[in-house]
Structure formats: structure tokens, C-alpha cells
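All remarks here apply to the structure that follows.
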Amino acid sequence: MARSALILAPHPDDESITGLLALRLRAEAGFTVWVVPVTLGSRLERQAARKRELRAACRVLGFRVRFLDPGNPVARLRRCLAALRPDVVFLPHAKDGHPTHRATHRWAVAAMDAAKSAVFHVVETEYWHPLEKPNLMVAGSRPALAVLRRALERHRGEVARNDYAARLPAWMSDNVRRGAELIGGAGAPAPDCAYATLYRARRRTAGAWRPEFRGGKFVRTPAELRALAALWS
């Protein structure tokens, strides 16, 4: 049976900014990747365009799109989780520096906790505020970066006001600097990669967080990626 990942994107474009691990899971481990935009942004006049832009970006990434039903956000997310039954869920961390990112975290955790007996493998993402304790660093190749940038460029309305695509390489390069010591330990050498994304992998079960693994992990090779994915069986 095909394995799947679910990206709960606070807005259309977050799937492209933080999507390196999901992209590698699709390309190297055969995962189906679903993107669910939790909101379409606060500007009503832009929402139809943002749907089109998201579909265009996901065609570049090879991801699938699913839109939430109307209604209470926690109930909507609970139905989505039950329908897709993903092996791993991506969502922003609780202190990410944008109110919609933080709300997405709260709603998603509440939806997972409502599924009383389930165990959810969760990968938390960062963008507006760094994770205080990331435990996972995923290396990105130049071709992977190029795909993410092409996808992000499809969000034309967003990059017109703030060119996230042009700035993505600098952000991913700085993640290598940060991740070397945050994950590798104080004084650790930087890994041999130009670009990376930092995450925190944990499990959510019985209303509590549990560790997914001990220490920190660098994922560089396809074999390391498959070993990480094996934890989500």
C-alpha cells in the first residue's frame, strides 16, 4: 500500500517553502504527498487566485491538493485526518511567528487529540520563528532547491509583494549553519551540503508528545531518508 504524507499548510505557499522533506519523500521513498491549505489567506479577493496558484505549485512539486470542508477548523481537520490516514503529518510549530501558523498548530493538535486511540507521527516546520529545539536536518540538493523555487514562483500574488522564491536559497543555506550545532552539537562541523531545512519530528498520542528518536538526525542520502521513513510504519 502506498505511503502518504500530509502537509497542513497555514497558507498556500507554505508547502513550497518548507516542503523539502516532503519532496524527497515523494521522489526517493515513493510517498504520496497531500497538501491541505488550512486557510486561503485573509484577503477574500485573493482566495480564488490562491487556490489556482496552489494547484499550479503542486503540479511542479508532484503533490496532490485537498481542500477542507466548511465549518469548525478542528472538526474539518479531524475529518481530513480520518479520510487520508497519513503516515506522517507536517504542521507549523507552536511558536512560529505568524498568528495563522500558530493557530494551525493548535487546531491540528486538537484534531489529533480528538482521535483518542491514534498515534500520529508529526514533523513540525519553521519559517517565521526558528524552532528552539529542532532534531532533524534534511539536506537539499541544487535540483531540489530549483524545484521548490519553481513551485514557489507559481504563487505569483505572494512573490509579487515579497519575493520568497528569490530569498529561499539564503534561508536554506543559513539552515546549514544553524543545524550544524543545534542538531550536531556545540562545535560540530557543518555537514557537506549547501542547503537544508530544519524540522522537529515527534509523536502525538493520548494527548501528549513523545520522542520519535533519540538525539538529532541528519538526512543526506536516500538510505538515511528511507531509515527515517521506516519510523513511520
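- At distances below 3.5 Å, not a single donor-acceptor pair connects side-chain atoms of Arg210 with backbone N or O atoms of Arg203.
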Using the rule given for side chain to side chain contact (heavy atoms under 4.5 Å, CB included), can you reason through Val88 versus Val122, listing the C-alpha separation, both sets of side-chain angles and the distance that settles it, and then say yes or no?
CA-CA 6 Å; Val88 60; Val122 176; over 6 Å; no

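- By the 4.5 Å heavy-atom criterion applied to side chains, Met137 and Val219 are not counted as neighbours.
- Side-chain atoms of Glu53 do not come within 3.5 Å of backbone N or O of Arg154 as any donor-acceptor pair.
- In this structure, Leu54 CG and Arg59 CZ are separated by 10.0 Å, a value rounded to the nearest 0.5 Å.
- Enclosure of atom CG in Asn162 by more than 12 non-hydrogen atoms of other residues, nucleotides or ligands within 6.0 angstrom is indicated.
- Checked by atom type and distance alone, the side chain of Thr39 never pairs as donor or acceptor with a backbone atom of His11 at under 3.5 Å.
- Hydrophobic clustering (side-chain heavy atoms under 4.5 Å, transitive across Ile, Leu, Val, Met, Phe, Trp, Tyr) keeps Val89 apart from Trp232.
- Note that NZ of Lys51 and CZ of Arg46 are 13.5 Å apart. Values are rounded to the nearest 0.5 Å.
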Quick one, Val38 with Trp107, criterion side chain to side chain contact (heavy atoms under 4.5 Å, CB included). Give me CA distance, side-chain angles, the key distance, then yes/no.
CA-CA 9 Å; Val38 178; Trp107 295 334; 3.7 Å; yes

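- Shown here is Glu45, whose CD atom has more than 12 heavy atoms of other residues, nucleotides or ligands within 6.0 Å.
- Connection of Leu91 to Leu68 is established within a shared hydrophobic cluster, with ILVMFWY side chains joined at heavy-atom distances below 4.5 Å, either directly or through further cluster members.
- Looking at His105, its side chain does come within 3.5 Å of a backbone N or O of Pro92 through a donor-acceptor pair.
- Every residue was checked against the ring-ring contact (aromatic ring centres under 6.0 Å, His included) condition with His93, not counting sequence neighbours, and none meets it.
- When all heavy atoms of Arg149 and Ala165 are compared, the pair lying nearest together is NE-O, 2.9 Å.
- Residue pairs meeting the ring-ring contact (aromatic ring centres under 6.0 Å, His included) criterion with at least one member in residues 157-197, sequence neighbours excluded, are Tyr127-Trp171.
- One finds no salt bridge joining Glu28 and Arg226 here, because no Lys/Arg side-chain nitrogen approaches an Asp/Glu carboxylate oxygen to under 4.0 Å.
- Side chain of Arg26 to main chain of Leu61: a donor-acceptor pair is present (N/O by atom type, distance under 3.5 Å, no hydrogens or angles).
- Leu20 has its side chain within reach of Leu148: a pair of non-hydrogen atoms, C-beta onward, lies under 4.5 Å apart.
- Listed for the Arg167 side chain is a donor-acceptor partner under 3.5 Å among the backbone atoms of Asp163.
- A donor-acceptor distance shorter than 3.5 angstrom exists from the side chain of Thr104 to the backbone of Thr100, with no hydrogens or angles considered.
- Atom CZ of Arg156 has 12 or fewer heavy atoms from other residues, nucleotides or ligands within 6.0 Å.
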Problem - Worked check of salt bridge (charged side-chain N to carboxylate O under 4.0 Å, His left out) between Glu126 and Lys95 - result: CA-CA 9 Å; Glu126 62 171 29; Lys95 296 181 181 180; over 6 Å; no

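- Counted within 6.0 Å of CZ on Arg142, heavy atoms from surrounding residues, nucleotides or ligands total 12 or fewer; the atom is thus considered open.
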One pair to check against side chain to side chain contact (heavy atoms under 4.5 Å, CB included): Arg220 and Leu225. What are the steps and the verdict? CA-CA 7 Å; Arg220 289 154 288 209; Leu225 181 75; over 6 Å; no

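- The only member of Arg76, Arg79, Arg78 that meets salt bridge (Lys or Arg N to Asp or Glu O under 4.0 Å) when paired with Asp69 is Arg79.
- Between Leu40 and Pro12, the closest heavy-atom pair is CD2-CG, 3.8 Å.
- Following chains of ILVMFWY side-chain contacts shorter than 4.5 Å, one cannot reach Leu77 starting from Val123, and the two form parts of different hydrophobic clusters.
- The cationic group of Arg204 lies under 6.0 Å from the six-membered ring centre of Trp209 and within 45° of the ring axis, placing it in a cation-pi geometry.
- The structure places OG1 of Thr197 at 10.5 Å from CZ of Arg24, a figure rounded to the nearest 0.5 Å.
- Without hydrogens or angle criteria, Asp87 side chain to Ser4 main chain gives a donor-acceptor distance under 3.5 Å.
- How far CZ of Phe120 is from CG of Leu6: 10.0 Å, rounded to the nearest 0.5 Å.
- With respect to Arg102 and Asp96, no salt bridge is recorded, no charged nitrogen being found less than 4.0 Å from a carboxylate O.
- To the nearest 0.5 Å, atom CE of residue Met172 and atom CG of residue Asn175 are 7.0 Å apart.
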- Item | Val33 vs Arg64, side chain to side chain contact (heavy atoms under 4.5 Å, CB included): CA-CA, chis, key distance, verdict | CA-CA 6 Å; Val33 179; Arg64 300 184 183 183; over 6 Å; no

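- In the hydrophobic clustering of this structure, Ile7 groups with Leu168; members are Ile, Leu, Val, Met, Phe, Trp, Tyr whose side-chain heavy atoms approach within less than 4.5 Å, directly or through other members.
- Ion pair Glu158/Arg161 flagged as a salt bridge, since at least one NZ, NE, NH1 or NH2 atom sits closer than 4.0 Å to an Asp/Glu carboxylate oxygen.
- With contacts defined as side-chain heavy-atom distances shorter than 4.5 Å, the pair Leu145/Val147 does not qualify.
- Sequence neighbours left out, the pairs with a member in residues 6-15 that pass salt bridge (charged side-chain N to carboxylate O under 4.0 Å, His left out) are Asp13-Arg50.
- A 4.5 Å side-chain heavy-atom check between Leu228 and Phe213 finds at least one atom pair inside the cut-off.
- In this structure the side chain of Phe67 reaches within 4.5 angstrom of the side chain of Pro37, judged on heavy atoms.
- Two rings, from His129 and His98, have their centers 6.0 Å or more apart.
- Phe90 and Leu8 fall into different hydrophobic clusters, where Ile, Leu, Val, Met, Phe, Trp and Tyr side chains are chained together by heavy-atom contacts under 4.5 Å.
- Separation of atoms CG (Leu198) and CD1 (Ile183) is listed at 5.0 Å; rounding is to 0.5 Å.
- For the pair Glu224 and Phe218, the minimum side-chain heavy-atom distance is 4.5 Å or more.
- Using a 4.5 Å cut-off on side-chain heavy atoms (C-beta onward), Val35 and Arg66 make no contact.
- By the 4.5 Å heavy-atom criterion applied to side chains, His121 and Leu231 are not counted as neighbours.
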